[in-house]
There are 2 protein chains.
Amino acid sequence: MDFMSENQQKKTSKSDRTRAQILEAARLLFAKHGYDGASIRDVAAHASIDPAMVIRYFRSKDELFARAAVVDLKLPALRVIDRTAIGKTLIRRFLEIWEDPANGTGMAILLRSATSNEFAAEKLRDVFANQVRPLVAAVADPADAGRRAGLISSQLLGLAMCRYLLRLPPVVALSHDEIIQTVGPTLQRYAVGEDVP
Amino acid sequence: MDFMSENQQKKTSKSDRTRAQILEAARLLFAKHGYDGASIRDVAAHASIDPAMVIRYFRSKDELFARAAVVDLKLPALRVIDRTAIGKTLIRRFLEIWEDPANGTGMAILLRSATSNEFAAEKLRDVFANQVRPLVAAVADPADAGRRAGLISSQLLGLAMCRYLLRLPPVVALSHDEIIQTVGPTLQRYAVGEDVP
DNA sequence: TCCATATGCCAACGACTGTTGACAAATGCA
DNA sequence: TGCATTTGTCAACAGTCGTTGGCATATGGA
């Protein structure tokens with residue numbers, strides 16, 4: 001048992017490393033150029049390996065993309081925070097996510113491809129349904145949670161589009177504090193404002 | 001003279017008609033599948049014509065896309081409208097644009113491709129700089145116009161993404177009145193709110 | 001040391017892409 | 001009626017794509 005697990009580890013440790021290299025290269029290129037724009041040959045070149053290996057480790061480009069497009073927002077539980085600071089908390093977490101290489105890359109991958117790749121679009125709707133919406137349901141009437149979460153997502157996805165993908169100059173130039181001060185109140189109102197539903 | 005002008009018209013009317021058919025098919029498919037997803041062969045098939053003709057009428061796929069991605073928002077001059085109704089006016093016009101086949105298709109073409117096609121991204125930034133920003137500059141301090149217009153664009157592009165491209169169910173379900181009532185105040189604040197800049 | 005297995009490269013496949021040039025039919029003018 | 005120009009089709013080009021199978025090499029246990 002002991003040596004078997006050791007063997008298992010050593011046997012796979014080499015392949016796991018190249019596997020990770022491929023995945024990292026794939027995440028980088030999918031985030032930069034989208035699903036169609038990033039070819040398997042490009043990914044292989046970035047990982048310094050033969051294109052055939054990419055298919056051997058991940059069975060197809062679709063499967064590689066699915067592995068690369070994993071997103072866990074780790075959103076804070078809004079129940080426990082100050083009810084008057086929901087908007088600012090959300091927008092702060094949003095900036096953290098997008099400007100941290102690990103999570104930001106994942107979101108960029110999805111958003112870049114969601115407009116022309118149905119799988120990515122479905123995955124993005126999943127993130128909304130399983131990570132954003134439940135969070136809103138915890139602080140607002142669950143009957144309105146969908147609508148409220150939808151409005152919040154529209155503002156956040158739009159901000160991400162303009163700032164990180166489209167790179168609209170005035171939006172890129174905004175500081176964190178400016179964004180928090182301007183977008184925070186919008187999210188606050190969408191989340192719990194009484195004039196919204 | 002009579003029949004000559006008729007002939008002249010007929011000479012060009014034939015080619016102009018197929019030209020228009022090709023352009024219409026291209027707009028439809030670019031809006032639906034994006035730049036990469038719509039092939040020249042697809043466009044030709046939709047226009048019931050040979051692929052070679054598409055290249056003959058428009059010199060290349062890039063040029064065809066450029067012709068298809070023309071957008072004129074025809075935004076109202078905000079100077080003349082009620083200063084307290086700027087937000088509602090903007091969001092009303094937004095809904096008109098996107099749900100009218102002619103203009104909505106143009107915006108869909110740009111937005112679908114902007115995430116993975118640099119030309120489309122640049123074109124979208126142009127729409128912002130030449131159509132949205134000057135409009136905001138007319139009602140707010142021109143020094144803040146860029147930032148204000150950027151925030152407005154982030155909300156509007158995000159809404160378009162969620163409602164028309166991503167088709168996020170709760171956002172699709174919103175009625176026009178609900179959107180006007182919820183998003184209008186956001187835009188109003190971004191446009192002229194004193195706590196924004 | 002020998003052998004099985006894991007890891008990797010190479011060449012090629014079939015499909016699809018944008019684009020081109022040669023050739024056929026239609027059209028309009030003399 | 002002839003002739004020239006327009007309008008269109010067809011086949012093929014060169015390139016890229018995802019994917020596959022065969023073959024070399026390296027690794028690690030017996």
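Residue numbers start from 1 in every chain, and the chains themselves are labelled A, B, ... in the order their sequence lines are given, proteins ahead of strands. These values consider heavy atoms only, across backbone and side chains, with no hydrogens, waters or symmetry-generated copies.
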Rounded to the Å, how far apart are A:Met53 CE and C:dC9 C1'? 9 Å
Nearest 0.5 Å, what's the CZ-CG distance between A:Phe128 and B:Leu166? 9.5 Å
Please tell me whether B:His176 and B:Glu99 have a donor and an acceptor in their side chains that are separated by less than 3.5 angstrom. yes
Looking at A:Tyr35, does the NZ or CZ of A:Lys61 lie under 6.0 angstrom from its six-membered ring centre and within 45 degrees of the ring axis? yes
Whole-Å distance separating the CD1 atom of A:Ile55 from the P atom of C:dC13: 18 Å
Rounded to whole Å, CG of A:Asp42 lies from P of D:dT16 at a distance of 11 Å
Cation-pi geometry met for A:Arg19 and A:Phe58 (6.0 Å, 45°): yes
To the nearest Å, give me how far apart CZ (B:Arg19) and C1' (D:dT6) are. 15 Å
Is there any protein nitrogen or oxygen under 3.5 Å from a nitrogen or oxygen in nucleotides 14-16 of chain C, and what are the pairs?
none

Lys/Arg cation over aromatic B:Tyr57: B:Arg67, 6.0 Å, 45° cone: no
Please report, rounded to the nearest Å, how far the P atom of C:dT19 is from the CG atom of B:Asp50. 14 Å
CG of B:Leu29 versus P of C:dT17: gap in Å, rounded? 12 Å
What's the closest nucleotide to the B:Ile49 side chain, out of C:dG18, C:dC9, D:dG8? D:dG8
Round to the nearest Å and state the distance from B:Arg56 atom CZ to C:dG21 atom P. 11 Å
Of the candidates C:dT7, C:dT20, D:dG21, the side chain of A:Ala52 sits closest to D:dG21
Rounded to whole Å, CZ of B:Phe30 lies from C1' of C:dG18 at a distance of 12 Å
Hydrophobic cluster membership, B:Leu124 vs B:Phe65, 4.5 Å side-chain cutoff: no
State, without any angle test, whether B:Asp82 and B:Thr84 hold a side-chain donor-acceptor pair at a distance under 3.5 Å. yes
So what does B:Phe58 touch, heavy atoms closer than 4.0 Å: a base, only the sugar-phosphate, or nothing? nothing
